Amino acid sequence: MSLVEVKGLTKKFGKYKALDNVHMEINEGEIYGFIGPNGAGKSTTIRILLGMLKATSGEVKIFGNDAWEDAVEIHKYLAYVPGEANLWPNLTGGEVIDIFLKMRGNGSKNKRDELIERFNLDPTKKCRAYSKGNRQKIALISAFASDAQLYILDEPTSGLDPLMERTFQECVLEVKNEGKSVLLSSHILSEVEKLCDTISIIREGKVIETGTLNEMRHLTRTNLHVQTKQPLPSIQHMKGVHHVDNHSDGVSIQIDSEELGTIIKFISDFGILKLESTPPTLEDLFLRHYENSNSVASTGGRGI
Amino acid sequence: MNVQMLKGTSQLIKIISRQHRFQIIAWLMGIVFVSLAVASSYQSVYQNESDKQGFALTMQNPAMVAMLGPGYEADEYLLTIGTQFAHEMLLFTLLAIAIMNILLVGSSTRTDEETGRTEVLRSLPIGRLSYLAASIIVVGCVNLIIALITGIGLHLLNIEGNTLESSILYGAILGLGGFVFAAITSLFAQITDSSRGTKGLAFGTLVIAYFIRAVGDVVDEKISFFSPLGWLLRTDVFINNYWWPIVISSIFSIVLIIITFYLNSIRDLNSGFLPTRKGRTNASSMIKSILGLVYHLQRIKIIAWGIGIFALGAAFGAVMGDMEKYFSDNEFVQMMLAQMGDFSITDQFISMLMGIMSLISVIPVIMTILKLKSEENHYRTEHFYSRAISRNRVLGSFTVLAIIESIIYLMLLALGLWLAANTMMENPISFATIMQSALVYLPAMFFMIGVTVFLVGFAPKFTSVIWLYFAFCYVAVYVGGLLNFPEWIMYLSAFELIPKVPGEEVDIQSLFLLLVLFIVFLFIGFKGYNKRDIAG
C-alpha cells in the first residue's frame, strides 16, 4: 500500500517553475531517498507534502488524504525534521521537545527521555545557546519520540557529528523495522546509499531518475581494476570502455555494465593476475547525471 | 588604542548605512518634517496676546509639565512663539529620536552579531572594534544630520523673536539627545547577549528616564538631573540658550562609548556579561497549549508594556490633584472654565489623555499580531504546520491574545489613573467615568487588530503598512488640529472616530462601524491566511 502518492505535481512561484510534473510513490515500510543539488526543488516538494505550500497543479495524497485540504488530519501521523531547526531562542530544548510532542498529540515521555540520552542532549539549555547540531538533535528527538506512520526528514543530519549520525541511522532503521515509512532528503550520499530502498534524483524541478540502487547501478558503469601477465593493449577504443587509467600495479577501467562480459572475456586472454570490481557508488551515479547535463545546467547549480 | 583594532571601519560604515538606508531616511524625514511643519504652523495658531496667555496657563499646569516637561515663565511665552513650540514638541521629538537610536544601534550591533553577520565580517581582515565603531559613526552622522537640518530649517522659517543660535541649539538638543541613547544602547549591547535584551534594557532606560524627569519636573527639579531627558530640557532654548546640557550630554555619551569600546574589546564574540541561567527540563502545561505558547513567547513584552501603561496612567493621575489645586487657585482659569460648559478641565484632560494613551497602548497589540509574521520569517511556523495544528488555530491564538491584551491595557491605564487620582484629589472622579473613557477606545483597538490580521493573512509582504497607518493616527491626534487637517482626513483615523468621553455623547454608530469593519477585516484575513503559501 502506498502512503504517499504524488502525481504530476507542478509548483510555480510567479513565472518560475520550481517543480515540473513530479511523480513520487512511497510504500509502507519503505525508506525513500530524495537527492538532488541545492535549489533542485527538494524542500519545495516537502513543503507541499506538508500542506504549507499549495500545489499549482497535480495530485498530492498522503494516507489517501489531500495534503493541502486535510493537512491537520494527516499530520497526526506524520513527523517532520527540517534541515535547519529554527527554534524559539528563549525556550529550553526540553520545553521545545515537549511542546512539539503535544502539538502532534501523541508520543511517549519514556521515548523522549531515552532519545535525549541517546543523542546526548542537555535539555536545560536555552535554544539560542545550542549549536546547529544540537538544535538538529531537538528536531530529531521530537520526531522519533512521536508515534508516526510517515517520517519526512529534510537533510536531517546537517551539523551532526559522525557518532550522532550513526545514532540517527539506527533510529531510522528502527522505525523501518516497525513497518513505518521514511522520506529522506539528503546530501550525504553514503547515508542514502546505506539506508534507502528506493532513490529518486531531482534536478531543476524534475525527477530524472527513480528506482532501487541496484536498478540504477544496472544502467551505469562498473569500476574494474586489473593486473595482467602480458601488458594490455590499448582498449580505449572498445565499445563500453571509459576512463582508462594506467597505474604501476595495473589498470583501472570504467565499463558500461552491459558490456562487462565482452570486455572480461577480452582481458582474460592476457592472463589475469588480479581482478577487483567495485560497484559504482551513488556519488558516481549522481556526478554522472550532472556531468551529462552540464551543458544545460542553469539555475539549479551543480554543487552536491 | 591599537589602530589595527579599527581596520576596515570605513568599509563597514558603507555596509551598515546601506543595510539601514530606508529606515534611516524614513526616520530622518519623519522627525524633520513634523518638527518643521509644526513650527511653521505655530505662527498662525496662537496669534493674539490672550491666546498666548491661555497657552501659558495650560502649559504650566502640573499635568502638562509631567507630560511635556518644564515650561517657561509666563511672559516668556509672549516673547517668541519658539517657546510654545519647544515646550510642546521638544520632549516628544526627543522620545522619537531616542527610539530611532535604540532601534538602529540595537540592530547594527547585537542583532548582526546574533545572526552571525559579525562573525563572517570578523573573519575578514577587519579590526575587533571596527563593527562597533562603524555603527556608532553611522548613527552619530544620522543624529548630526537631523540636528543640522532641523536647526537650519527652524532658522529659515524665520519665526519672530527667534535667533540663529536658538535654532541651532534646538537641533543640537535633538541630535545629542539621540546620541545619548545610541551610547546607552551600545553599552547594553555589550552587557547582554541578545538583541532582545539589548533593546529591552534600552527601552526600559528610556521609560525610566521619562518617569524620573516627570516626577522631578513636578516635585523637585534636582530629581530631574538624574535623567538625560531632564538635562536636555533645561537649555531654556529660544530664551536664554544655555549650552551646558549639550556639554554634559556630550561628555556623558563619550564616557559611555569609551566603556562600550573597552567592554567590546575584552569580551568574546556572541557572549555578554550577564550570566545565563539553567532552564527547565520539561515544558509546563501552560506553554503546551498554542495560546499559552503564543503568550509565553511574548510575555516579557506584554508584562513590560502592562507595567509601563499602568505607571503612565498613575503618573498622570497623580498630577491631577495638583492640577485641581492649580486651577482652583487661579481666578482667570475659573472664569474661562465657566464658559466651557458642563465639563470640567479635568474631564477634558482625561479624554485628551485617553486619546494619546490608547494610541500608545495599541503598539504592543499590533506587535502581538505581527509576531506571527516574524515567526514565519524565522521559519518557526513550520513547527505548527508540520504538526496537527490548523492555521485557524494559530492565527486565532494570536488574535485572541491581542484582543485580551487590548482590554487589559486599557483597564490598567484606567486603574492606574483612578488609583493615583483618587488619593491626590479632593473631589475624586468616579471609577466608572474613567473606565468608560478608556474602554470606549476598544473598538478602535479592535479595528487595528483587524487590519493587522488582514495584512498578515492577505498581504504578508505589506504588513509594515500598519505602522504607516499608526503613524498617521498618531500625527492626527497629536498635531492634526495644529496643522489644520481637513475633517475627512482626521476621520480616516480610527481613533478620531471614537467619541471623547467624558465630554462628548457616546456615538454608538461610529463604534458600531468600527466593530463591523473589525469583523470584516478579520474574516478576510483568516480566509487569506488559509489560502496562502506559508514561507516557513
Side-chain angles (χ1 to χ4, degrees), chain A residues 11 13 43-44 46-55 68 71-106 109 112-113 116 122-129 139 142-143 146 148 152 154, chain B residues 110 113-116 192-197 200 270-272 275-290 292-294 296-301 371 374-394 529-536:
Chain A
K11 173 69 184 175
F13 293 111
S43 293
T44 305
I46 286 176
R47 290 234 153 88
I48 289 173
L49 287 176
L50 290 171
M52 288 173 63
L53 302 182
K54 192 171 185 173
W68 173 263
V72 173
E73 196 50 40
I74 291 170
H75 294 173
K76 287 179 185 163
Y77 308 100
L78 180 154
Y80 165 64
V81 175
E84 168 112 40
N86 296 284
L87 306 170
W88 295 285
N90 291 312
L91 298 180
T92 66
E95 285 177 321
V96 169
I97 295 171
D98 283 349
I99 289 170
F100 285 174
L101 287 177
K102 180 74 201 300
M103 283 184 192
R104 165 136 311 104
N106 55 40
K109 171 99 173 74
R112 163 198 189 267
D113 294 342
I116 287 179
D122 174 4
T124 63
K125 282 214 287 191
K126 299 264 181 196
C127 287
R128 82 154 66 79
S142 10
S146 55
I152 296 184
D154 189 2
Chain B
R110 258 304 158 182
E113 191 167 328
E114 202 170 68
T115 47
T192 67
D193 63 356
S194 68
S195 69
R196 235 172 104 116
N270 291 329
S271 68
T276 41
R277 283 165 295 150
K278 223 172 160 65
R280 305 167 62 113
T281 314
N282 287 292
S284 65
S285 57
M286 204 260 298
I287 62 170
K288 283 197 208 162
S289 76
I290 301 297
L293 176 65
V294 168
H296 186 85
L297 294 175
Q298 312 193 62
R299 74 192 189 291
I300 294 176
K301 179 206 86 187
K371 176 80 174 163
S374 123
E375 290 291 291
E376 182 178 343
N377 291 345
H378 287 95
Y379 295 94
R380 288 195 290 250
T381 47
E382 68 179 7
H383 300 310
F384 297 123
Y385 302 130
S386 67
R387 298 185 170 81
I389 306 290
S390 71
R391 297 184 183 194
N392 280 338
R393 209 163 134 207
V394 174
Y529 193 65
N530 271 290
K531 280 205 177 126
R532 76 170 170 91
D533 285 349
I534 299 285

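Proteins come first, then strands; the chains are lettered A, B, ... in the order of their sequence lines, and each starts at number 1. The shown structure was predicted, so the numbers you read here are calculated from the model rather than taken from an experiment.
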Option that, when pairs with chain B are counted at under 4.5 Å, heavy atom only, ranks first among [options]:
options                              : value
A:Ile97, A:Leu91, A:Ile116, A:Ile152 : A:Leu91
A:Ile48, A:Leu87, A:Asp122, A:Leu49  : A:Leu87
A:Leu53, A:Val96, A:Leu50            : A:Leu53

Worksheet item: Between B:Asp533 and A:Lys11, is a salt bridge (Lys or Arg N to Asp or Glu O under 4.0 Å) present by the stated rule, with each step listed?
Response: CA-CA 11 Å; B:Asp533 285 349; A:Lys11 173 69 184 175; 2.6 Å; yes

Worksheet item: Given the rule in the side-chain contact (heavy atoms from CB on, under 4.5 Å) test, do B:Glu375 and A:Trp88 qualify, once you have shown the distances and angles that lead to the verdict?
Response: CA-CA 9 Å; B:Glu375 290 291 291; A:Trp88 295 285; 2.4 Å; yes

Worksheet item: Between B:Arg280 and A:Asp98, is there a salt bridge with N-O shorter than 4.0 Å?
Response: no

Worksheet entry | Closest approach of A:Val72 to B:Ala388 (non-hydrogen atoms, all atoms of both residues) | O-CB, 3.6 Å

Fill in: Contact summary for B:Ile290 and A:Met103, nearest pair of heavy atoms
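Answer, listing the atom of B:Ile290 first, then A:Met103: CD1-CE, 4.1 Å.
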
Item to complete: Side chain from CB out, backbone as N, CA, C, O: work out which of these in B:Ile389 comes under 4.5 Å of a heavy atom of chain A, or both, or neither.
Response: both

Worksheet item: Side chain, backbone, both or neither: which part of B:Asn530 has a non-hydrogen atom closer than 4.5 Å to chain A?
Response: backbone

Worksheet item: Honestly, is B:Arg387 close enough over A:Phe100, meaning NZ or CZ under 6.0 Å from the six-membered ring centre and within 45° of the axis?
Response: yes

Judged by atom type as modelled, is there a donor-acceptor pair below 3.5 Å linking the side chain of [X] to the main-chain atoms of [Y]?
X        : Y        : value
A:His75  : B:Tyr385 : yes
A:Arg104 : B:Ser386 : yes
B:His383 : A:Asn86  : yes

Item to complete: To the nearest 0.5 angstrom, please state how far the CZ atom of A:Arg128 sits from the OG atom of B:Ser195.
Response: 8.0 Å

Worksheet item: Measuring from B:Lys531:NZ to A:Lys54:NZ, what's the distance to the nearest 0.5 Å?
Response: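 B:Lys531 NZ to A:Lys54 NZ: 7.0 Å, rounded to 0.5 Å.
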
Fill in: Partner chain A: residue of B:His378, B:Glu114, B:Arg393 with the largest heavy-atom pair count (under 4.5 Å)
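Of B:His378, B:Glu114, B:Arg393, B:His378 has the most heavy-atom pairs under 4.5 Å with chain A.
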
Discussion item. Looking only at side-chain N and O atoms, does A:Arg112 offer a donor or acceptor that is under 3.5 Å from a partner on B:Asn282?
Written reply: yes

Discussion item. Between A:Glu84 and B:Tyr379, is there a side-chain heavy-atom distance shorter than 4.5 Å?
Written reply: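 Heavy-atom side-chain distance check fails, nothing below 4.5 Å.
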
Worksheet item: For the side chain to side chain contact (heavy atoms under 4.5 Å, CB included) test, which of B:Ile287, B:Leu293, B:Thr281 pairs with A:Glu95?
Response: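 Only one of B:Ile287, B:Leu293, B:Thr281 forms a side chain to side chain contact (heavy atoms under 4.5 Å, CB included) with A:Glu95, namely B:Ile287.
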
Worksheet entry | A:Tyr77 atom OH, over 12 foreign heavy atoms within 6.0 Å | no

